[in-house]
Number of protein chains: 2
Amino acid sequence: MADVARLAGVSSQTVSRVSTGHPGVVGTTREQVLAAMRQLGYRPNSAARALKYGEFRTIGVILFTLSSTGNSRTLEAIATHAADAGYVITLIPVGAPTQDRLLGAFTRLGELAVDAVIVIMEVHLLDAATVAVPPGVHVVVVDSDAGDRYRVVDTDQADGARQAVHHLLDLGHRTVWHVAGPRESYAAERRALAWRSTLEEHGRPVPPVRHGDWSAESGYRAGLELADEADCTAVFVANDQMALGVLRALHGSGRVVPRDVSVVGFDDIAEAGAFIPPLTTVHQDFAAVGRRCVEAVLRQVRTGTPETGTTLVSTRLVVRESTAPPPGG
Amino acid sequence: MADVARLAGVSSQTVSRVSTGHPGVVGTTREQVLAAMRQLGYRPNSAARALKYGEFRTIGVILFTLSSTGNSRTLEAIATHAADAGYVITLIPVGAPTQDRLLGAFTRLGELAVDAVIVIMEVHLLDAATVAVPPGVHVVVVDSDAGDRYRVVDTDQADGARQAVHHLLDLGHRTVWHVAGPRESYAAERRALAWRSTLEEHGRPVPPVRHGDWSAESGYRAGLELADEADCTAVFVANDQMALGVLRALHGSGRVVPRDVSVVGFDDIAEAGAFIPPLTTVHQDFAAVGRRCVEAVLRQVRTGTPETGTTLVSTRLVVRESTAPPPGG
DNA sequence: CACCTCGATGTTTACGTAAACATCGAGTGC
DNA sequence: GCACTCGATGTTTACGTAAACATCGAGGTG
C-alpha cells in the first residue's frame, strides 16, 4: 500500500479510502490511485483487514463427508448464499465420525479464522462437543436434535416420512415396511419414528425394521430379505440410494415394481427419475436448508446473540412410477 | 494475549512462545501460561498470525458445482489432504459457468486470503481468465488442457475411454456407439476423441455420436434413440448417470442388457453396482486427483516456483454385469 | 573469583490496514 | 475582510502476533 501511495503521490490513508470505496476522495486523485494500484498489481491484504476489523467474514463448515448428495448440495447452497452476503466458506473436514475426530475439529476451529460455524452433523456426537465451541463463535447445526442449545436447521424428516407412508396407505396397502438408515443417524431415526407412529395412528401392524447404512449395497441386502416376505407389498426406504438397491433386489427376485411391491424413497436425488422404474420419493429442499443456515448464522453474527430452536424445511412427495395399489387391491 | 500474560505474570512474548510450541520455556512457566490461557478462553488470532507470517495457510478452490459426484469427491480429497498439511480450504463457488462469473471469481480471489488456488474447471473458459490470477498466487487446474500455463491434474480420460472400448471390442462387438457429455466439457471431449481413435485404430466404423448433458435424463433420451438402431450392440456412455438413463431406455424398449446391448459407463459412482444390471464402468480415482492437486499446489507454495505440465491419474475398468458378447457372437 | 556461556525471559519492532484525529485551503456569510 | 465551515487530504495510532534483539542470572572454567 505504501508503494501505491508513493507512486500516486498521496498518503496511504488516501489509498485506503479508495480501496474501501469511502467517499471524500476527489475524482482526479482517485484516478491516480487506481492507476497506481493497477500498475503495481496491488491487492489489499485481507489478513490485515481482518485484524483491523476484528472479523474474518468467513463461515466455517464442519462436516463428515461430502459423498452424500444431501451434504454436498447443502454445502453448495451454503457457499452460494454466503458469497452473496460477502462471506466465504472454510471447509473443516472431519475424517471419521468419531468423538475424537469431532473434538479435534472443534479444537482446530479455535485457531481458525471464522466468525461462525455451521455443523453438518448426521450422528449423535454433538453432546460431548458442546463445551468445545470457542466463545464468540456462533453455531448453526444441520440435522441434529441440539435445538435446545443451538439454532438447528433441518428438513422436516417426520413430515416427509408421514407423506410417504400416507401415500402408500392411501393406495390401499395394508401396511408399509421400512428400510431405515444407520442407527447413529438422527435423520434415519426420525424417519423411522414417523413411519412407525403413522402406522400406529392408523392401527396398522408395524413390520420389523431393517437397518442399512445409506448405501445402495445395504439396500440390496435389505431388499433381498423383503423379497422373501410374501405379504410385503409396500416399502418406505429411508433414502434413494438404498431404494435403488431395493429395486434391484426385488427385480432380481422376480417381484415386479410397482405391480407386486411399491417402493418410496427419500431425498429425490437427481437420478431418481431414471431408476427402473422411476422412483416415487420424498423431495428434500437442500438449497433451502443451506439458505436458512446462512441466514441464521449471519443473523447471529450481526446481532451478536446466540439463538436456539429448530427451523424446519418442508418436504414434498414426488410421485413417479414405483408405487401402485397392492396386487389384487 | 496481553491479558493472558498479565494473569500468568509473564510477558506476552512468553505466551506467544507457549502457544506456538517454541522451545525455551521452562516447565513451570509453561504450565502457568497454559492455565491462564484456559481460564481466559484465549485463542490465537489467526488474522494477526497471517499478517505476521505473510501467508494464510489457506487454499482456495474455485468450482462451478458440487452436484457432480466427481467434483464433490475431489473436493473432499482436497480438503482432507490440505488439512493433513495444516492448510484449510476456502470455497469460491461460481454460480453459472460463464466467462463473467469466472472472471468475477478470479477478481474476488484477489481480495481473498489464499496462498494458492485449485480450479476445478470443466469447461473451455480458462483462456480469458489467464491474466486475472493475482500475482503470487499459485494455481493448479483440474480437468483442463491448460497444461502449458498451469500445473494440471486430471484423470487419464483417454486411457479410460480406450479401456472401455477395448473391453467391448474384445467381447466381440463389431463396433461401439457413444453417448458423449456436453460439448463444452474437456473431459467429455477427450473421452469422445479416445473412443473415436480407438475404433479407427481397429478399423471399425465410427457411429454417430449423441451428446448428453451428464444427466440421467439426457442419457435416457439418447438411449431411446440407440434402442432404435438395430445394429447397436455396444454403447460406451461418458458417465454413469447418463448410463443409468441409457439402461432405463433400453429396458423400456425391450432391449435386454447385456444380452442384446452391452453398456459401459464412466466414473464408477457408488450406485453403479446397484444399477439393473450392475454397470461395467471405468473407475476414476477422485481421491488421487485431490491428493495430487494438494501436493502440487503446496510444492509450488513452498518453492515459490510456478509449475506447468499435466499429471494424469490412471483409471481402471470395473467389469460388472452390463457387458457381454454380442447376440449371436 | 572474575569471566564467559547459555538458557530463560522481557522489550522493541514490524507486519498492512483503517479509524480517529489533525491540518490545510477554499469558499461563505456578515 | 475576517472568522467560520467544510471538504480533501495527511498523520498518528492500534489491531494481535512473533521475530529479532536485549537482559539477567545461574553455573562452569581457568
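So you know, we letter chains A, B, ... as the sequences are listed, proteins then strands, and number each from 1.
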For nucleotides 25-28 of chain C, list the nitrogen or oxygen atoms of the protein found under 3.5 Å from its nitrogen or oxygen atoms, one pair per line.
none

Check every atom of C/dT9, D/dT17, C/dA19 against the side chain of A/Lys52 and return the nucleotide holding the closest atom.
-> C/dA19
Regarding the side chain of B/Gln13, the nearest nucleotide among C/dG10, D/dG16, C/dA20 is C/dG10
May I have the distance from A/Asn45 (atom CG) to C/dT17 (atom P), rounded to whole angstrom?
-> 5 Å
Looking at B/Asp145, B/Asp143, B/Asp154, which one forms a side chain to side chain donor-acceptor pair (under 3.5 Å) with B/Tyr186?
-> B/Asp145
Sorted by position of nearest nucleotide on DNA chain D, 5' first, the leading residue of B/Pro44 and A/Gly9 is A/Gly9
Between B/Arg151 and B/Thr311, do the side chains contain an N or O donor and an N or O acceptor separated by less than 3.5 Å?
-> yes
Looking at DNA chain D, which of residues 15-22 of chain B put a heavy atom within less than 4.0 Å of it?
-> B/Ser16, B/Ser19, B/Thr20, B/His22
Might you work through the side-chain hydrogen bond (donor to acceptor under 3.5 Å, both in side chains) test for A/Thr305 and A/Gln300, ending with a clear yes or no?
-> CA-CA 5 Å; A/Thr305 325; A/Gln300 292 186 55; over 6 Å; no
Strictly by modelled atom types, are A/Ser19 and A/Arg49 linked by a side-chain donor-acceptor pair under 3.5 Å?
-> yes
Taking only Lys NZ, Arg NE, NH1 and NH2, and the carboxylate oxygens of Asp or Glu, determine whether B/Arg291 and B/Glu295 approach each other closer than 4.0 Å.
-> yes
Starting at atom CG of A/Leu40, determine the distance to atom C1' of C/dG16, rounded to an integer number of angstrom.
-> 15 Å
Side chain of A/Thr14: nearest nucleotide among D/dT9, D/dA18, C/dT17?
-> D/dT9
